Amino acid sequence: MTTERRFYLTTPIYYVNDKPHIGHAYTSLAADVLARWKRMEGLQVFFLTGTDEHGQKVEKAAETRGMAPQDFTDTVSQAFRELADRMNFSNDAFIRTTEERHKAACAALWKRLEERGEIYLGHYEGWYAVRDEAFYGPDEITEKNGQKFAPTGAPVEWVREPSYFFRLSNWAERLLAFYDENPDFIAPATRRNEVISFVKSGLTDLSISRTSFKWGVPVPGDEAHVMYVWLDALTNYITALGYPDEATEAWKFWPADVHFVGKDILRFHAIYWPAFLMAAGLPTPARVFAHGWWTNEGQKISKSLGNVIDPLALIDEFGLDPVRFFLLREVPFGNDGDFSRRALMGRLNSELANDLGNLAQRSLSLIQKNCEGRLPGVVKPDAADAELLDAVAALPAQVGEALDRQAFHEALERVWVVTRLGNSWIDAQKPWSLKKTDLERMATVLRHLHTALRGLATVLLPFMPETMGRMLDQLAVPEDARTVPALATLLPDGTELPPPSPLFQKIVDEPA
RNA sequence: GGCGGUGUAGCUCAGCUGGUUAGAGCACGGCACUCAUAAUGCCGGGGUCGGCGGUUCAAGUCCGCCCGCCGCUACCA
């Protein structure tokens with residue numbers, strides 16, 4: 001029996017009420033890069049994404065369009081598959097909460113919680129906003145012209161309905177102990193503090209069923225109820241691994257290594273989810289990472305402002321890999337960040353085209369012109385060479401360490417430090433001058449540059465799979481040698497290199 | 001209000017357990033080079049490290065107070 005290392009990472013399942021926007025693309029992108037990196041390190045990876053398709057809002061949206069809910073969600077869910085496709089995400093599965101296996105998993109989890117005495121029937125009442133599909137506390141309600149309104153501006157009405165409850169209040173102490181024993185469970189640290197302080201302030205039992213609409217997973221044994229959307233949604237992470245059948249091959253991936261989420265849904269993942277799992281006697285995930293939001297040219301993004309960013313439009317204009325690069329390079333993952341044309345163009349032109357692309361172009365052109373397009377032989381590095389080669393050799397460990405903390409920006413910064421070093425080094429070595437004085441040394445310099453470029457392209461492969469693939473083509477690195485471990489094996493001397501061509505096209509600002 | 005975080009060059013930020021002239025990238029100025037996508041490299045200007053007070057031989061780096069900004073404060077994804 002081999003003990004292969006497994007790595008399970010997820011995005012949230014996206015609510016089909018909305019069409020895909022930059023936020024969806026961002027979360028999945030982060031997960032994709034980490035998934036690709038872990039595969040490259042040789043781990044067995046399972047990367048899950050999907051769509052959340054139940055709830056009153058979906059039911060109503062379908063009704064408005066005169067469609068059956070299932071037909072409606074079939075259509076909208078497709079947009080998220082297309083996004084994954086266009087963004088070149090390497091997800092191993094795409095789950096939908098309307099799948100039969102998922103309903104079965106939810107029912108199984110429910111029964112398990114019920115058997116363990118974690119669920120009871122009570123009733124829920126309060127000010128309810130249909131539009132928001134949410135209850136509000138009395139202190140949040142405002143009144144205008146006899147009508148009461150939620151803080152969101154949605155009209156509310158007093159609703160009392162029977163509801164099943166999960167004994168969340170029993171789990172506050174256990175959760176605090178869990179956070180204490182697993183300091184890395186919630187990241188970044190500032191989010192962890194928020195969650196802990198929230199739990200410390202006390203938890204009340206959680207209403208986990210609704211009778212006010214039908215579009216959901218029926219509660220086992222009481223078909224008048226459907227499950228509360230979060231119990232339904234969170235369960236997807238184990239449905240995809242075969243739950244409730246814990247004997248499957250896939251189940252070995254549980255518990256998850258990282259759940260990537262937006263900061264708005266951290267609470268559900270950092271409080272409810274481990275509580276549900278502990279209550280059910282299931283292992284808890286290792287980590288939940290909450291990333292931040294994007295603003296658009298300094299403006300908060302909102303549908304009413306009409307400044308929603310469409311990731312597909314960005315790709316069309318700037319190309320996929322530059323967009324992938326920008327999103328993870330510009331902002332520390334976990335922080336909020338601003339998306340601007342100027343910043344994107346700056347990164348694309350100076351870092352991708354000038355720093356990296358041009359380093360490759362100038363180095364490979366020299367080999368093409370002065371070495372008949374063949375890879376020069378390896379010569380033992382001298383002190384000056386070692387400065388560059390050691391920096392490159394250290395990169396995989398540095399990038400891996402940063403990615404283990406989901407510090408994507410740090411990983412890229414590390415790579416760019418070495419990229420800049422490459423430019424500085426080639427200027428110091430002046431192979432174009434050596435051509436006239438010392439052909440042997442020139443060849444050695446060019447060989448070292450090739451080695452450096454291969455290292456750079458390899459560690460960047462998860463970030464920019466397509467473009468770095470082209471770069472490795474130009475470096476004549478075989479398909480099966482495009483991994484970190486493969487860097488240990490040098491390419492044979494004399495390997496023929498294709499003529500280089502620019503990797504990144506610069507963007508010239510148009511008058512718009 | 002409560003809890004948490006943050007305020008360092010024009011901009012975005014690094015500065016771990018306190019210790020030589022406070023750093024990077026971008027932007028700006030000068031020089032060099034011309035292999036390369038007019039790309040690159042080198043040098044430089046510029047900061048009372050939010051304010052006041054304290055601890056210490058020594059404080060962006062610890063403590064207190066004040067000011068500014070941000071996040072969280074329950075069942076919308």
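Note that the structure is a prediction, hence the values are computed from the model and not measured. Naming: A, B, ... by sequence-line order, numbering from 1 per chain.
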Could you give the CG-to-C1' distance, from A:Asp232 to B:A77, as a whole number of Å? 12 Å
Select base, sugar-phosphate, or nothing to describe what A:Ser363 touches, counting heavy atoms under 4.0 Å on all strands. nothing
Please give the nucleotide sitting opposite B:U61 as a Watson-Crick or G-U wobble pair, both distances under 3.5 Å, or none. none
Spacing of A:Trp293 atom CH2 relative to B:A77 atom C1', expressed in whole Å: 9 Å
Geometric class of the A:Phe185/A:Tyr179 ring pair [parallel <30°, tilted 30-60°, perpendicular >60°]: parallel
Taking for each residue the nucleotide of RNA chain B bearing the nearest heavy atom, is the 5' side occupied by A:Arg362 or by A:Arg347? A:Arg347
Would you mind reading off the distance between A:Glu351 atom CD and B:C26 atom P, rounded to a whole angstrom? 8 Å
Centre of A:Phe198's six-membered ring, under 6.0 Å away, within 45 degrees of the axis: is that where NZ or CZ of A:Arg267 sits? yes
Across the strands shown, which category fits A:Leu503 at heavy-atom distances under 4.0 angstrom: base, sugar-phosphate, nothing? base
From the options B:U37, B:A77, B:A74, select the nucleotide whose nearest atom is closest to the side chain of A:Gln361. B:U37
Rounded to whole Å, how long is the line connecting atom CD1 of A:Ile426 with atom P of B:U34? 13 Å
Report the relative orientation of the aromatic rings in A:Phe463 and A:Phe408; use parallel for angles under 30°, tilted for 30 to 60°, perpendicular for over 60°. perpendicular
Which part of the nucleic acid, if any, lies within contact of A:Pro431, taking any heavy atom under 4.0 Å across all strands shown: a base, the sugar-phosphate backbone alone, or nothing? nothing
Geometric class of the A:His291/A:Phe333 ring pair [parallel <30°, tilted 30-60°, perpendicular >60°]: tilted
A:Asn17 side-chain N/O to B:C76 phosphate OP1/OP2 under 4.0 Å: no
What does A:Leu203 touch in the nucleic acid at a heavy-atom separation under 4.0 angstrom: a base, only the sugar-phosphate, or nothing? base
Which of the following nucleotides, B:U37, B:C72, B:U73, is nearest to the side chain of A:Arg191? B:C72
Distance, rounded to the nearest Å, where A:Met471 contributes CE and B:A36 contributes C1': 14 Å
Return the orientation label for the A:Tyr14 and A:Phe80 ring planes: parallel under 30°, perpendicular over 60°, tilted otherwise. parallel
Which atom pairs link the protein and nucleotides 1-7 of chain B when you take only N or O atoms and keep those under 3.5 Å?
residue: B:G4; atom: O2'; partner: A:Asn193; partner atom: ND2; Å: 3.3

Using a cut-off of strictly less than 4.0 Å, decide whether A:Lys369 has a side-chain nitrogen or oxygen near OP1 or OP2 of B:A36. yes
Do the side-chain N or O atoms of A:Ser424 get closer than 4.0 angstrom to the phosphate oxygens (OP1, OP2) of B:C42? yes
In numerical order, the residues of residues 438-457 of chain A whose heavy atoms come under 4.0 Å of RNA chain B are none
Would you confirm whether A:Ser209, through its side chain, and A:Tyr164, through its main-chain N or O, come within 3.5 Å as a donor-acceptor pair? yes
Presence of A:Lys263 side-chain N/O under 4.0 Å of B:C72 phosphate oxygens OP1/OP2: no
Taking atom C1' of B:G15 as reference, at what distance in whole Å does atom CD of A:Glu410 sit? 13 Å
If you compare every side-chain N and O of A:Trp230 against the phosphate oxygens of B:A77 (OP1, OP2), does one of them come in below 4.0 Å? yes
What's the closest nucleotide to the side chain of A:Leu366 if the choices are B:C35, B:C72, B:U40? B:C35
How long is the line joining CG of A:Leu359 and P of B:C33, in whole Å? 21 Å
How many whole angstroms separate atom CG of A:Asn335 from atom P of B:C72? 14 Å
Between A:Arg329 and B:G25, is there a contact of a side-chain N or O with OP1 or OP2 at under 4.0 Å? no
